[in-house]
Amino acid sequence: MPQLEAIPAIDFQTETYKDAYSRINAIVIEGEQEAHDNYLTLAQMLADKKEELIGLSKMENRHMKGFQACGRNLKVTPDMVFAKEFFSELHGNFQKASAEGKVVTCLLIQSLIIECFAIAAYNIYIPVADDFARKITEGVVKEEYTHLNFGEVWLEAHFEESKAELEAANRQNLPIIWRLLNKVADDAQVLGMEKDALIEDFMIAYGEALENIGFNNRDIMRMSAQGLVA
Ligand code: Y39
Ligand code: Y39
Ligand code: FE
Ligand code: FE
Ligand code: FE
């Protein structure tokens with residue numbers, strides 16, 4: 001549990017730190033922007049949840065502005081070209097699913113996988129963040145649990161008819177998150193975030209989400225293992 005040990009002081013103004021931050025900060029900004037867009041799309045797909053989903057999209061827009069301020073505070077220019085490319089495959093899968101009216105797949109991608117990615121990353125970042133970014137991230141992560149909960153509640157209520165689509169969407173999208181983590185692991189390490197801790201937090205949050213929706217332990221083990229097919 002490396003993150004529970006004494007944390008060495010981090011110099012937030014070295015070129016090495018700022019270079020890594022330019023990519024991680026951009027990923028988070030782009031992720032929040034796409035999450036905003038995804039909840040607006042879901043608001044169109046789920047008419048009876050429209051107001052709630054528009055509320056979630058507004059939170060994502062505030063998150064994006066908060067993380068833009070974190071970059072400015074460190075005098076870092078986020079590498080948005082890198083970040084768009086980073087998310088392009090997952091974003092493409094969400095857009096394809098929404099065009100086909102596959103709300104279950106859309107919820108799995110945004111409200112389960114991406115929210116758990118955010119929850120793991122933000123919880124691991126908080127203890128190693130600069131003071132300004134820590135306060136912002138603490139406020140943001142609380143709201144990410146609300147977003148995850150939206151997906152859990154909806155999918156639990158529609159579990160039996162969603163099960164097959166959830167399994168297929170998991171098989172298609174969990175390996176992507178695994179590849180994305182591997183793409184940012186070196187930069188995350190520079191920021192003091194351990195890859196093993198990120199995987200552990202992600203798998204705990206995602207496994208709990210699948211359990212809350214109605215999957216049994218055997219299903220959860222099988223679905224988690226499908227992430228390894230990289
Ligand atoms: O729902 C949300 O707000 C999610 C878009 C945000 C995801 C941000 C992804 C963070 C990954 C950072 C990787 C650092 C190791
Ligand atoms: O080695 C494993 O445990 C792999 C099965 C799991 C794939 C899931 C990918 C984890 C992504 C972590 C993202 C952290 C922000
Ligand atoms: Fe650990
Ligand atoms: Fe967010
Ligand atoms: Fe979110």
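Whatever order the structure lists them in is the order used to number ligands and atoms, beginning at 1. What you see below is based on every heavy atom in this structure, not just the backbone, and it leaves out hydrogens, waters and symmetry mates. Values in this document were obtained by computation on a predicted structure and should not be read as measured data.
A side-chain donor-acceptor contact under 3.5 Å links Glu165 to the backbone of Thr105. No donor-acceptor pair closer than 3.5 Å links the side chain of Asn149 to the backbone N or O of Tyr145.
Under the 4.0 angstrom criterion for non-hydrogen atoms, Tyr125 is not in contact with ligand 1.
The atoms of ligand 1 that sit less than 4.0 Å from any heavy atom of Gly31 are 5 (C). Taking every non-hydrogen atom of Tyr122 and a distance limit under 4.0 Å, the qualifying atoms of ligand 1 come out as 6 (C), 8 (C). Remark: ligand 1 atoms within the under-4.0 Å shell around heavy atoms of Ala35 are 1 (O), 2 (C), 5 (C). Close approach of ligand 1 to Gln110 (heavy-atom distance below 4.0 Å) involves ligand atoms 1 (O). Residue contact check: Glu60 has heavy atoms under 4.0 Å from atoms 1 (O), 2 (C), 3 (O) of ligand 1. In the vicinity of Ala118, heavy-atom distances shorter than 4.0 Å reach the ligand 1 atoms 4 (C), 6 (C), 7 (C).
Looking at residues two or more places apart in sequence or on another chain, you find no salt bridge (Lys or Arg N to Asp or Glu O under 4.0 Å) involving Glu211. With sequence neighbours excluded, the residues forming a salt bridge (Lys or Arg N to Asp or Glu O under 4.0 Å) with Asp19 are Arg23, listed by chain and number.
Around atom CD of Gln13, more than 12 heavy atoms belonging to other residues, nucleotides or ligands sit under 6.0 Å away. Counting non-hydrogen atoms of other residues, nucleotides and ligands closer than 6.0 Å to NZ of Lys183 gives a total above 12.
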Which donor-acceptor pairs under 3.5 Å do side chains of residues 92-103 form with protein atoms, sequence neighbours excluded?
| from | atom 1 | to | atom 2 | distance (Å) |
| --- | --- | --- | --- | --- |
| Asn93 | ND2 | Asn173 | OD1 | 2.9 |
| Gln95 | NE2 | His91 | NE2 | 3.4 |
| Lys96 | NZ | Glu100 | OE2 | 3.2 |
| Ser98 | OG | Gln95 | O | 3.0 |

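Distances from the Fe ion (ligand 5) under 2.8 Å pick out these protein N/O/S atoms: Glu60 OE2, Glu115 OE1, Glu115 OE2, Glu144 OE1, His147 ND1.
Taking every heavy atom of both residues into account, Ala133 and Tyr125 meet most closely at CB-OH, 3.2 Å. In plain terms, the two heavy atoms of Ser224 and Leu174 that are nearest each other are O-CD2, 3.8 Å. Minimum heavy-atom separation, Lys18 to Phe12: CG-O, 3.8 Å.
Polar contact with ligand 1: present for Glu115 (N/O pair, distance under 3.5 Å).
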